[in-house]
Amino acid sequence: MKILIVGAGQVGYFLCERLSMEGHEVTLIDRRAERLRMAQDRLNVMGIAGNGAGAEFLEQGGISDADTFIAVTDQDEVNILACLMASGYNVPTRIARVKSIEYTGRGAILTREKLGIDLLINPQDAVADEIIKIAGRTGAIDAAEFVEGNIQFLGYRIGPESPLCDITLRELGEIRGMYRFVITAITRGGKTIIPRGDDEIRAGDSIFIFAHKNDLPAIQYMLKIEESKPSSRRKQRVFILGGGRIGFLVARQLEKKNFDVRLVERDEARCEELSAKFKKTMVIQAEGNDIRTLLEEGVGSADVFIAVTENDETNILCSLLCKQHGAKRTVSLVNQQELLSLAPTLGIDACVSPRISAAGAILKYVRRGEIISLSTIEGSNAEVIELKVKNNTSCNKPLKDLFFPDGAIIGAIVHENHFEIATGETKLQMGDRVVIFALPGSLPQVERFFA
Amino acid sequence: MRISDILQVDAIEADLKAKGKQDVLTELVDTLMRVETGLDRDEVVKVLLEREKLGSTGIGDGIAIPHGKLKGLQELIISFGRSQNGVEFDSMDGKPVNLFFLLIAPEESIGIHLKTLARISKLLKNSMVRQKLCEASTAEDVFSIISEEEGKL
């Protein structure tokens, strides 16, 4: 596929990296020569220095035969104008990143349809969606759903008390009759591997599993990963620090999902504004590091603490502070790329970035043809994808006899209404939907394997 | 840890009488209580039934490994039971169950529990072992089959 990307910022770079790695022909347009040079040096992309909404540069980038156009500069106006240009050149798929334009909901003046843009993506909305998903899972550090929610992909951190400590993958394989799940990856010391039978789970690891949603209660019972009791006894208590757009969106959704939501914001006027918008959410005026006030308000028994202020350092520090005082899980919004990989090592359970979330959502959209669903794993750049089996060569043979690409593993298979957690004996059939975990770089081979 | 180090001959019942799921669980707990006299029978049965609610421990091929965790227990305890006629147990393959291993683990140390579960599953995956256990005539025979076959794992 031929893809034109305008904007070599974090989102643009991320997209170039992924899409070029997958074998697409990627051209990047940006005014800043030094950003372009960085991308060209490290990635297999062509760079064009110039205005991304200018016909001259677009033509130079080969817009007339491009399949997909993605505008992700920092400026909404440039992105929208660039997309309008792209529709003038009849590019089939047009995607724009927007920050401040309201394009969904009842009040929206400009909509996707009116602008003729296939996907409008707001990084703040994308990251709010991601936070809501993370908050909804007990104990999980990463989560995604596949095959209409039937197959769940979950990441868990293994503490020294975990019953999984010192268990080998082979031992877990033995009890698959009762506990139907498969560990597809282990992250240890910043490195993610696909484990084999002799590999042992250790304290400090993060494990990533596939399971059917119906089997999760039994798995959680056995693995003691329901640290906080389900909401039947007590509502899940969530603290949100930062009453900006993201904080508001997250609070509104979690309130709907029957969480006990407490929103902390330092600005008095904003507090009043927020109070008027919520039915049940408690709005607290305080600074994030005012731990005494937060403790009085019950942060010590919070199931999740979510820090989404505009300041990365505040988010990280307040998360750590509240965790130390008893908050069970913490989610931090982190904008700076350098801090994104640091934060988990400090003990923050999940770090989210608006740009990465937006890029993930765009990637998912671009790949929607072959790949039914895709999720990026925080921190490791590994991905989970759902594909349909379309060729016969991989069918009717046990998986262990197939030459499946290195760096990838089949986790679950759905055949009509029947699902299976993959083992070496599993056989694929035409039309099956498979969910696969893939380390960075192995995705193109995986796609080719099933193409 | 070996199964035969935990399982005692007296906690083996070679001829279970129960016909239904709850009854067979109770009978297995009673079997276990021959050696673990201090257990609260109703409490243990309740724990097992709650676990069954999350999904049957009947793994197919006529095998079930009901298990649960109990507060205040010192160590993992096991009983074994065999039903000649088979018991309907909502197994994965829909077939009745003949061979039962019952495991109760301390709430705090489930690691051993998992390892032992894995060991039992592995042992019973061997169809020869299943057949031998079904044909054994006494509790002593059952024990020596388990002990011997476990040595080959």
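All chains are named by letter (A, B, ...) in the order of the sequence lines, taking the proteins before the strands, and each is independently numbered beginning at 1. This one's a predicted model, so the numbers in the text were calculated from it and none came from an experiment.
For the pair A:Met222/B:His113, a side-chain contact is recorded, criterion being any heavy-atom separation below 4.5 Å from C-beta on. Put simply, the side chain of A:Pro217 does not reach to within 4.5 Å of the side chain of B:Lys53, judged on heavy atoms. In this structure, the side chains of A:Tyr221 and B:Glu50 stay at 4.5 Å or more apart for every pair of heavy atoms.
Note on B:Lys115 versus A:Glu171: salt bridge recorded, some NZ/NE/NH1/NH2 to OD/OE distance being below 4.0 Å.
Note: B:Leu123 CG to A:Glu174 CD = 10.0 Å, rounded to the nearest 0.5 Å. Rounded to the nearest 0.5 Å, atoms CG (B:Leu117) and CD1 (A:Ile167) are 9.0 Å apart. Here the OG1-OH distance, from B:Thr57 to A:Tyr179, works out to 8.0 Å after rounding to the nearest 0.5 Å.
Environment of CG in A:Asp406: sparse, with no more than 12 heavy atoms of neighbouring residues, nucleotides or ligands closer than 6.0 Å. More than 12 non-hydrogen atoms from other residues, nucleotides or ligands lie less than 6.0 angstrom from CD of B:Glu135. More than 12 heavy atoms of other shown residues, nucleotides or ligands fall within 6.0 angstrom of atom CD in B:Glu43. For B:Lys46, the NZ atom is loosely surrounded, since the number of other residues' heavy atoms within 6.0 Å does not exceed 12.
Heavy-atom pairs under 4.5 Å with chain B were tallied for A:Gly177, A:Gly173, A:Cys165; the largest tally goes to A:Gly177.
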Could you go step by step and tell me if B:Ser121 and A:Met178 meet the side-chain contact (heavy atoms from CB on, under 4.5 Å) rule? CA-CA 9 Å; B:Ser121 303; A:Met178 274 176 287; 4.2 Å; yes
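Residue B:Ile63: no heavy atom, backbone or side chain, is found under 4.5 Å from chain A.
Between B:Leu114 and A:Ile175 the shortest heavy-atom distance is CD2-CD1, 3.5 Å.
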